[in-house]
Amino acid sequence: MELRLQIAKLRTGEGMSQEELAASLGVSRQAVQKWESGSAIPGLEHLVKMAKLFRVTLDSLVLEGSNRITEEMLHGSDIAPDYEHMFYWESYPQNLLNEYRQSIEEGKDISMYEKLFKAVYEMPAGEHKEKMADQLFDIVCSAATVEGYPYTEPSGYREIKELSSGETVQMKMPSAHELKEKIRGAWLGRICGCLLGKPIEGIHTPELNKLLKSSDNYPLHRYITTSDVTPELQNEISYRVRRDSLADAIACAPVDDDTNYTVLASVIVDRFGRDFKPSDVANSWVWYQGKDAYCTAERVAFKNFVMGYRPPMSAVYKNVYREWIGAQIRGDYFGYINPCDPAAAAEMAWRDASISHVKNGIYGEMFAAAMIAAAAGCSDIVEVVNMGLAQVPTASRLWKSVRSIVDGYKNGVSKNEAFAKIHAEYDEFSDHGWCHTIPNAMIVAASLLYGGGDYTKSICMAVETGFDTDCNGATVGSVVGMMNGSLSIGAQWTAPINGMLDTSIFGVGRVNIDDMVERTIKHIKAK
């Protein structure tokens, strides 16, 4: 029986008029008339409603008698994405204001289109907005650089290398026993630093300060616990503290993208060797984790992989987050497996970062990986930061910003003044401000310098400053843990994780941290 006859039969069998059916479905009587005459076909939403209304299965309603309706629906105008419910990170039109700001910071000559970006952003979700956003993306891609732009920021490795100083100091490779303790310190340092910041990721400093002061934890010097987050406090602040990741509410280190990437990097090196390619990383992302494991730039890159955009195009296509912090949190393992060789660590980090980031987004990962590698053989924290910075183009925004922190430290700028400078230059209340690579790289550098190599002081500075708390706590923890070894990390930090780490990596799940140390040593020996 044809669908038009099926609808009429079910309607009359219920003793309903066309007007009554239309009212039940929220459509006009004319729409029902067209369905029953065969001049129009109901959309899937209305078919589902009819199936429920008439107490029949959708299959029996649509497929009984003829498959013509299925073919017509597949080629009909009703098939379109639900634009209003697209996930924010994956929707380019919803991020046009971030695109405009990112492009301006990159020196793209698009300021004359500012009002157009705002107007399209404010349009209702739908096909017309998508098409307008596509036009704006074309404008961004073809934009020239503004005259007098003071930075030179390539994304290719050879060009980055040419514009970086590459300076190092003489380092002595630790003994086998010392190296193992340093590697264990780096793993524990990263995991515990991440855990410190995880329950409050995304909080703004006014509310963070209120939380810490109310629990006698200001300045921050220990984990936040369940007893700190009282119902009264939670009612006073708008931020919802993540109670399931508080230190006294866990059996081991919980799943987090900051630690997932470190374990996944070890899986990639294990599978493809130390000469893995960017495409190997891209493929591994799809193979080993679901889409929800990725955020911002990584989520867009993952989507681009599936759509057929390969590195480096995967980092560029409609990726407004291309200089955000996502890559900077992924470089630690390349520092672990290249002790005392910051250049090699940075080159591996480039291969990883280039699949999802450009320019300063890439530099952030190279900076972090190089510092960790340098920390294996250098106990001078200033030199460690300098060796990380030596892998970054000297004509870049990241180099200039981090160099200002180093120079300020050397010239007697106080800790409070240094962190106030970061807050003055970047707005933690905007997504782009708090999640961009540069302010977070500045926080990492400042925390290392003013923490003086002390694990507790360093990770606590990184977290209490706000911005991306778990990411910065993790990176700082890696550097200091590598420099001083596992014995320098107090039991107050390591006891809650019980030597174990949960991941969401397919086929990996929970890992033993000592097993990860052994795998890391194996990859060092493969050099």
Side-chain angles (χ1 to χ4, degrees), residues 102-103 105-108 140-145 149-169 265 268-269 272-285 297-298 301 304-305 309-317 319 321-328 330-335 337-374 385-403 437-438 441 527:
Q102 171 65 39
S103 297
E105 290 178 0
E106 288 180 275
K108 293 181 182 292
V140 166
C141 290
S142 60
T145 302
Y149 185 68
Y151 303 105
T152 303
E153 300 176 326
S155 296
Y157 179 71
R158 181 179 299 174
E159 294 80 6
I160 292 172
K161 193 72 173 173
E162 290 174 353
L163 293 174
S164 307
S165 72
E167 295 176 0
T168 62
V169 299
I268 291 169
V269 174
F272 298 102
R274 294 175 59 94
D275 59 348
F276 66 88
K277 299 183 291 296
S279 59
D280 296 326
V281 181
N283 289 335
S284 296
W285 281 20
E298 286 74 18
N304 287 342
F305 302 153
Y309 293 92
R310 305 301 295 170
M313 289 298 103
S314 52
V316 177
Y317 182 70
N319 189 351
Y321 314 111
R322 54 191 177 269
E323 283 194 327
W324 283 24
I325 195 177
Q328 186 164 288
R330 303 191 331 240
D332 292 50
Y333 196 72
F334 310 122
I337 63 174
N338 288 289
C340 301
D341 193 347
E347 190 275 332
M348 282 190 180
W350 175 86
R351 283 184 255 159
D352 179 84
S354 63
I355 73 173
S356 57
H357 285 72
V358 302
K359 303 181 180 181
N360 294 275
I362 292 175
Y363 309 157
E365 181 167 351
M366 298 175 74
F367 171 62
M371 282 196 297
I372 293 165
V385 174
N386 282 335
M387 283 190 276
L389 208 51
Q391 300 301 320
V392 174
T394 58
S396 68
R397 285 167 282 147
L398 188 143
W399 188 93
K400 178 182 178 182
S401 294
V402 175
R403 173 53 58 193
T437 294
I438 294 176
K527 188 172 182 178

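All values below were derived from every heavy atom in this structure, side-chain atoms included, with hydrogens, water molecules and symmetry-related copies excluded.
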Where is the tightest heavy-atom contact between [X] and [Y], given as atom of each residue plus distance?
{"X": "Ala369", "Y": "Gly331", "value": "CB-O, 3.3 Å"}
{"X": "Pro154", "Y": "Pro393", "value": "CD-CG, 4.5 Å"}
{"X": "Ser356", "Y": "Ala301", "value": "CB-CB, 3.8 Å"}
{"X": "Ala344", "Y": "Lys527", "value": "CB-NZ, 4.3 Å"}
{"X": "Pro342", "Y": "Ala370", "value": "CB-O, 3.5 Å"}
{"X": "Val402", "Y": "Ala441", "value": "CG2-CB, 4.1 Å"}

Interatomic spacing from [atom1] in [X] to [atom2] in [Y] - rounded to 0.5 Å:
{"X": "Asn319", "Y": "Trp324", "atom1": "CG", "atom2": "CH2", "value": "10.0 Å"}
{"X": "Asp280", "Y": "Asp352", "atom1": "CG", "atom2": "CG", "value": "11.5 Å"}
{"X": "Asn386", "Y": "Gln391", "atom1": "CG", "atom2": "CD", "value": "12.0 Å"}
{"X": "Met371", "Y": "Met366", "atom1": "CE", "atom2": "CE", "value": "13.0 Å"}
{"X": "Ser396", "Y": "Leu389", "atom1": "OG", "atom2": "CG", "value": "7.5 Å"}
{"X": "Ile362", "Y": "Thr437", "atom1": "CD1", "atom2": "OG1", "value": "10.0 Å"}

Given side chains that start at C-beta, do those of [X] and [Y] come closer than 4.5 Å, heavy atoms only?
{"X": "Asn283", "Y": "Arg310", "result": "yes"}
{"X": "Glu153", "Y": "Glu106", "result": "no"}
{"X": "Pro150", "Y": "Lys400", "result": "no"}
{"X": "Ile355", "Y": "Arg330", "result": "yes"}

Using only heavy-atom distances, determine whether the side chains of Asn360 and Arg322 contain a donor-acceptor pair under 3.5 Å.
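Judged by distance alone, the side chains do not pair up.
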Not counting sequence neighbours, which residues clear side chain to side chain contact (heavy atoms under 4.5 Å, CB included) with [X]? List them please.
{"X": "Thr394", "answer": "Trp399"}
{"X": "Asn304", "answer": "Val300, Met307, Tyr309, Ser314, Tyr317"}
{"X": "Val316", "answer": "Val358"}

Listed by chain and number, what are the salt bridge (charged side-chain N to carboxylate O under 4.0 Å, His left out) partners of Lys108, not counting sequence neighbours?
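So Lys108 forms no salt bridge (charged side-chain N to carboxylate O under 4.0 Å, His left out) with any residue.
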Would you say the side-chain atoms of [X] pair up with the backbone N or O of [Y], donor to acceptor, closer than 3.5 Å?
{"X": "His357", "Y": "Ala315", "answer": "no"}
{"X": "Trp350", "Y": "Gly156", "answer": "no"}
{"X": "Tyr149", "Y": "Glu105", "answer": "yes"}
{"X": "Glu323", "Y": "Lys359", "answer": "no"}

Applying side chain to side chain donor-acceptor pair (under 3.5 Å), which residue pairs with at least one partner in residues 363-373 are found, sequence neighbours left out?
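Not a single pair qualifies under side chain to side chain donor-acceptor pair (under 3.5 Å).
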Assess whether side-chain contact (heavy atoms from CB on, under 4.5 Å) is satisfied between Asn338 and Arg274, documenting all intermediate values.
CA-CA 10 Å; Asn338 288 289; Arg274 294 175 59 94; 2.5 Å; yes
Taking the basic N atoms (NZ, or NE/NH1/NH2) and the acidic carboxylate oxygens, is any pair closer than 4.0 Å for Glu347 and Arg351?
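Looking at Glu347 and Arg351, the cut-off is met.
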The test is side-chain contact (heavy atoms from CB on, under 4.5 Å); show your working for Val169 and Met387 and say whether it passes.
CA-CA 8 Å; Val169 299; Met387 283 190 276; 3.5 Å; yes
According to ring-ring contact (aromatic ring centres under 6.0 Å, His included), who are the partners of Phe334, at least two apart in sequence or on a separate chain?
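Phe334 satisfies ring-ring contact (aromatic ring centres under 6.0 Å, His included) with Phe276 once adjacent residues are dropped.
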